[in-house]
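Please read these numbers as outputs of a predicted model, since none were measured by experiment.
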Amino acid sequence: MSEALPAFVQTRLFRFLTVGVGAALLFFVLSWLLVSLGLSPFIGSVVAYAIAVVVAYSAQRGWTFGGQHDHVSAMPRYLALQLGCALFSGLVSHLAVTRFGLSALAMSALTTVAAGAVSYVMSLLWVFPTRG
């Protein structure tokens with residue numbers, strides 16, 4: 001098993017997950033902080049997502065995928081995906097608080113998982129597809 005770990009650490013999947021977890025943690029902390037400071041769940045989550053997107057795109061394109069994808073096509077796709085995810089996260093956050101009465105902490109956790117899953121799948125399939 002110890003031989004498998006170093007091999008996994010060197011994979012693109014590991015890098016993608018590392019960047020994704022880092023961006024998700026950044027989003028989680030920022031969305032919780034902004035909502036706790038009084039911003040609405042929708043606005044707080046959208047602002048937090050926008051900040052996390054800038055960090056994540058730079059790391060995904062440069063580190064995860066080694067700058068192999070054309071910036072001219074990857075960036076607009078990534079931004080379109082993340083705009084959709086930002087709006088989705090705002091909607092999930094709003095519903096989590098107004099319909100289900102979740103706390104800011106629970107709302108942030110739910111939104112982080114939901115938006116992260118959508119972002120991961122679409123990044124692999126559409127933004128940074130494997131080149132055959």
Do side-chain atoms of [X] reach the backbone of [Y] as a donor and acceptor pair under 3.5 angstrom?
| X | Y | result |
| --- | --- | --- |
| Ser45 | Phe42 | no |
| Arg77 | Val127 | no |
| Ser58 | Val54 | yes |
| Thr64 | Arg61 | no |
| Ser123 | Tyr120 | no |

Pick one: which of Phe128, Tyr78, Trp126 meets ring pair (Phe, Tyr, Trp, His ring centres under 6.0 Å) with His69? Phe128
Provide the closest heavy-atom pair for [X] versus [Y] in the form atom of the first, atom of the second, distance.
| X | Y | value |
| --- | --- | --- |
| Leu125 | Pro129 | O-CB, 3.9 Å |
| Gly44 | Val35 | CA-CG2, 4.4 Å |
| Val46 | Gly90 | CG2-CA, 4.4 Å |

From [X] atom [atom1] to [Y] atom [atom2], the distance as rounded to the nearest 0.5 Å:
| X | Y | atom1 | atom2 | answer |
| --- | --- | --- | --- | --- |
| His94 | Ser89 | NE2 | OG | 13.0 Å |
| Phe28 | Thr112 | CZ | OG1 | 6.0 Å |
| Ile43 | Ser31 | CD1 | OG | 13.5 Å |

Residue pair Val53 / Leu83, side-chain heavy-atom distance below 4.5 Å: no
With side chains defined as the heavy atoms from C-beta onward, is the minimum distance between Leu81 and Cys85 less than 4.5 Å? yes
Check for me, please, whether [X] and [Y] land in the same ILVMFWY cluster - side-chain distances under 4.5 Å, paths through other members count.
| X | Y | answer |
| --- | --- | --- |
| Val29 | Leu37 | yes |
| Leu30 | Leu39 | yes |
| Phe8 | Phe16 | yes |
| Val19 | Phe14 | no |
| Leu110 | Val118 | yes |

Regarding [X] and [Y], do their side chains bring together a donor and an acceptor under 3.5 Å, going by distance alone?
| X | Y | value |
| --- | --- | --- |
| Thr111 | Ser93 | yes |
| Ser119 | Gln82 | yes |
| Tyr57 | His71 | yes |

